[in-house]
Amino acid sequence: MTQTLPIQKHVPDIINALETSRCAVIQAPPGAGKTTRVPLALLDEPWLANKKIILLEPRRLAAMSCAAHMAGLLKEQVGQTIGYQIRLDRKIGPDTRIEVITEGIFTRKIQNDPSLEDVGLVIFDEFHERHIHSDLGLALCLETFEALRDDMRILVMSATMDVTAVSTLMGNAPVIVSKGKSFPVETIYIPPSGRQSRPVSVETACASVIRRALSETDGDMLVFLPGVKEIKTLYSILEKDLDPAIHVFPLYGNLARKDQARAFRPSNQSERKIVIATSIAETSITIEGVSVVIDAGLMRVPRFSPQTGMSRLETLRVSKASADQRRGRSGRTGPGKCYRLWSEYDHQSLKSYTKPEILSIDLTGVALELAAWGVSDPGQLKWLDLPDEKSFEQAKNLLKILGALDEQERITLHGKKMSSAGLHPRLAHMIIKASEKNHGLLACRIAAFLNERDFILFDQKTFDPDIRLRLEIIDAFTSKKKTWQKGFKINKGVIHRIIESEKKTARDFGIKPTKTDIEKAGTLLAHAYPDRIAKKRDNRNNTFLMASGKGAYFTGINNVSLNDYIVAVHLDGNLQNAKIFLAVPYSKQDLETDFCDRLKSVHTILWDKKTNGVRAKKEIRFETLVIHHQSISDIDPDMACDILIREIQRRGLAILPWTKRLTSLKDRAVFLKNTGRFQDLPDLSDKTLEKNMAIWLKPFLTGVFSLKQLERIDLEAAFLSLLTWKEQQIIEKNAPTHIKVPSGSKKPLKYSNENILLDSPVLEVRLQEMFGQTVTPKIAGLSVPVTLHLLSPAGRPVQITRDLENFWKNTYKDVKKDLKGRYPKHFWPDDPLNAKPTNRVKPKER
DNA sequence: CTCTCCCT
């Protein structure tokens, strides 16, 4: 009666492996019969000692149908020897020996009873899918296996995966490999035809391969695309130019059950069917009668970012394992054909396996489960892949904020309540907080909604991110009024699941039915997503700053975007500026009461560009959000000085009220220092003065708060504080302000020119005043000759020299000739060295 | 033109 399946000839090996090694791995492709035949074959083994077998399935549907199938093989009802348990549904009786449960249920079960006292064998089915609960469940189970139960056994069953890694993890468990039962599939590689400069879109490439496949084959067709957008585009291309006898069905998770069912329905003899699907058709949904698969080779997967605490979707090339799984879908009922939209060469560069969830998703739930297990460092357990370190740190940090972990990263009482809920820790925390304020039921409803997919099916451009809109509709359903705003297409199945789930959660938390005040959604969700509380940015519509410091925006105006404060619940995960999909209004008043213990008062002193002065303000902040700010008149003078000094440094020393005398003293001091003969003088260069302002200037800035008030400071006293009286004398002597020339007049020495310090000061003097001066005057202890600018009687420079002796000897003759022509009345002696110097036209006769 | 799939 029962059909013989490939796995059955391996049963003795499996029994032997489990008996002697207590662990085993079965590698078998789909169709081998491992899921249904193996548990039944082991039921009477003496080492099982009449204890239970737990069979873990990754999906609810798989758990239910597998239990039904096995019960059928025993000619029994489900709930007798074979039972199952999934969320919200349990059929397990007193005689049940095989419990088929989903992986999430197993996590709860082992947390409640770590020794699994009545269990003799745990089987992980479809382990190659590497869901987070598979990895977590195995890690916990291995500890029970090693530390508490030397009579328990573990069996891991999987299709293609690196089975040696699992075997090694379980102490070199024996690996049993079985063939599957499937038909041969021909693989055809068709790389996209477009040129590199102008690549063809996936949808166009798919459409042309579909046309080719329609002529080469005659079965039903399954096309794999990465997402809904691509499916809709391809659908509209095919609608236009395909024979009406060929029916095209989209298939993806968010499609109503009714529409999904149309895709499964077998087609008539005279018709052909094309199903365009996401990866949902890779494992979760089997479409009977498919003999042709067309694979675009892409998948869309979430990727958690510890920096933002959010996930974003990425479109990636599939792994080889995934491509083979898709191809296998065409060989279930007969020989098949698979068209791959990449080249055989490119195939080599595909990853062997899809990245396991534990390396790419939000780990908050995992971190809480581990804390409940008593583990704060995942390294204490055995893993195929250790959880991503940064994500795990982020997760623990969030759990501390939610009050689930204490500073030593141990689970708190609050955390224990959260972990038993079977919800994301954010949502569990929200429900506990809400129930304290009598809004528990609304919180359960919101949690149930966020756990499901969105049930409003929006048309183009009608999208509305307001969570209150969904709550209104759920409200209408529960009160049977059904008076929500019409005009939305609604997935009623999802709403009914939400209501079921809400009831269960309310029971779990002991919440009694209360009225649900939709306007409280903001304050409830703020507890779940404190990092996503957001404040509208100044003068910018639809653009917000979140408490985490990241940006968020709405694509259009809506009832939420009009508020100054919101909670952005669901975003696209963009690192800088995320698009908001779901949000709810919030308010400053609620923020102040909900988080009164986390608000920080910050006093800041800053430079006000408008008044060019120091200003003090007080801010009330929630993380990066400034809730209140006000100017305060009481400014700390010391801090004000520091701000003022920073501003002076930014603008440069020239902003200070320098007098000519001070500037000259500064220039002369620096000049002397630069000659190298006066090393003991302090360094008074602008650069050093600027740097040391806190030392020499700060004591004189008391009571000064603006640039304007700088005028009244005693800069002279400040500057002179840098020089001793003796040093001042040295400067006066060696770098004099004036120098006496032969004519008897005192001429100024210029030490700098347009703020550039000279290495020799300039002495401007009429040529005739220098008669009788043999050599260039020298300063700085006679080490530096001044730079002479010799002027005509009209004050025009005629010669620049630092060697006066040479000028008289060689150049003077030519100069004299020239000047005598233009200034004939003046005195131009032939022997200037012995002539009388004069500052008049001619020297006075005595 | 809002985002893959799954689960406590």
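Lettering of chains follows the sequences in order, A, B, ..., and the numbering in each one begins at 1. Hydrogens, waters and symmetry mates play no part in the numbers below; they use all other heavy atoms, side chains included.
- A:Thr315 and A:Arg300 share a donor-acceptor pair across their side chains, judged by distance under 3.5 Å alone.
- Of the residues in residues 53-63 of chain A, those with a non-hydrogen atom less than 4.0 angstrom from any atom of DNA chain B are A:Pro58, A:Arg59, A:Arg60.
- Relative to the side chain of A:Ile105, the nucleotides B:dC5, B:dT8, B:dT4 differ in distance, and B:dT8 lies closest.
- At a threshold of 4.0 angstrom between heavy atoms, the contacts of A:Gly422 include nucleobase atoms, whether or not backbone atoms are also involved.
- Qualifying side-chain contact (heavy atoms from CB on, under 4.5 Å) partners for A:Ala323, counting only residues two or more places apart in sequence or in other chains: A:Asp295, A:Val318, A:Arg340, A:Trp342.
- Here B:dT4 is the nucleotide among B:dT4, B:dT8, B:dC6 with the atom lying nearest to any side-chain atom of A:Thr278.
- Of the side-chain N and O atoms in A:Thr102, one or more sit less than 4.0 angstrom from OP1 or OP2 of B:dT8.
- Every salt bridge (charged side-chain N to carboxylate O under 4.0 Å, His left out) that A:Glu129 has, sequence neighbours left out, goes to A:Arg59.
- Counting only heavy atoms from C-beta on, A:Glu369 has its side chain closest to B:dT8 among B:dT4, B:dT8, B:dT2.
- Note on A:Asn451: a base of the nucleic acid sits closer than 4.0 angstrom, heavy atoms only.
- Proximity note for A:Ile280 (side chain, C-beta onward) versus B:dC5, B:dT2, B:dT4: the nearest is B:dC5.
- Among the heavy atoms of the strands lying under 4.0 Å from A:Ser284 are primed sugar atoms or P, OP1, OP2 only; no base atom is included.
- Distance, A:Leu136 CG to B:dC6 C1': 15 Å, rounded to whole Å.
- Taking the nucleotide of DNA chain B with the nearest heavy atom to each of A:Glu357 and A:Thr233, the more 5' of the two is matched to A:Thr233.
- At the heavy-atom level, A:Ile580 lies nowhere under 4.0 Å from the strands shown.
- Listed candidates were B:dC5, B:dC7, B:dT2. Nearest to the side chain of A:Tyr252 is B:dC5.
- Between A:Phe449 and A:Phe455, the distance from one ring center to the other falls under 6.0 angstrom.
- Among the atoms of the strands shown, none is found under 4.0 Å from any heavy atom of A:Leu316.
- Shown here are the side-chain hydrogen bond (donor to acceptor under 3.5 Å, both in side chains) partners of A:Thr543, two or more places apart in sequence or in another chain: there are none.
- Side-chain proximity of A:His133 to the nucleotides B:dT2, B:dT8, B:dC5 is greatest for B:dT8.
- The side chain of A:Arg453 lies closest to B:dC5, out of B:dT2, B:dC5, B:dT8.
- The side chain of A:Ser279 lies closest to B:dT4 when the candidates are B:dT2, B:dT4, B:dC6.
- Residues passing the side-chain hydrogen bond (donor to acceptor under 3.5 Å, both in side chains) test with A:Asn574, sequence neighbours excluded: none.
- Listed by chain and residue number, A:Arg108 satisfy the salt bridge (charged side-chain N to carboxylate O under 4.0 Å, His left out) test with A:Glu369 (two or more places apart in sequence, or in another chain).
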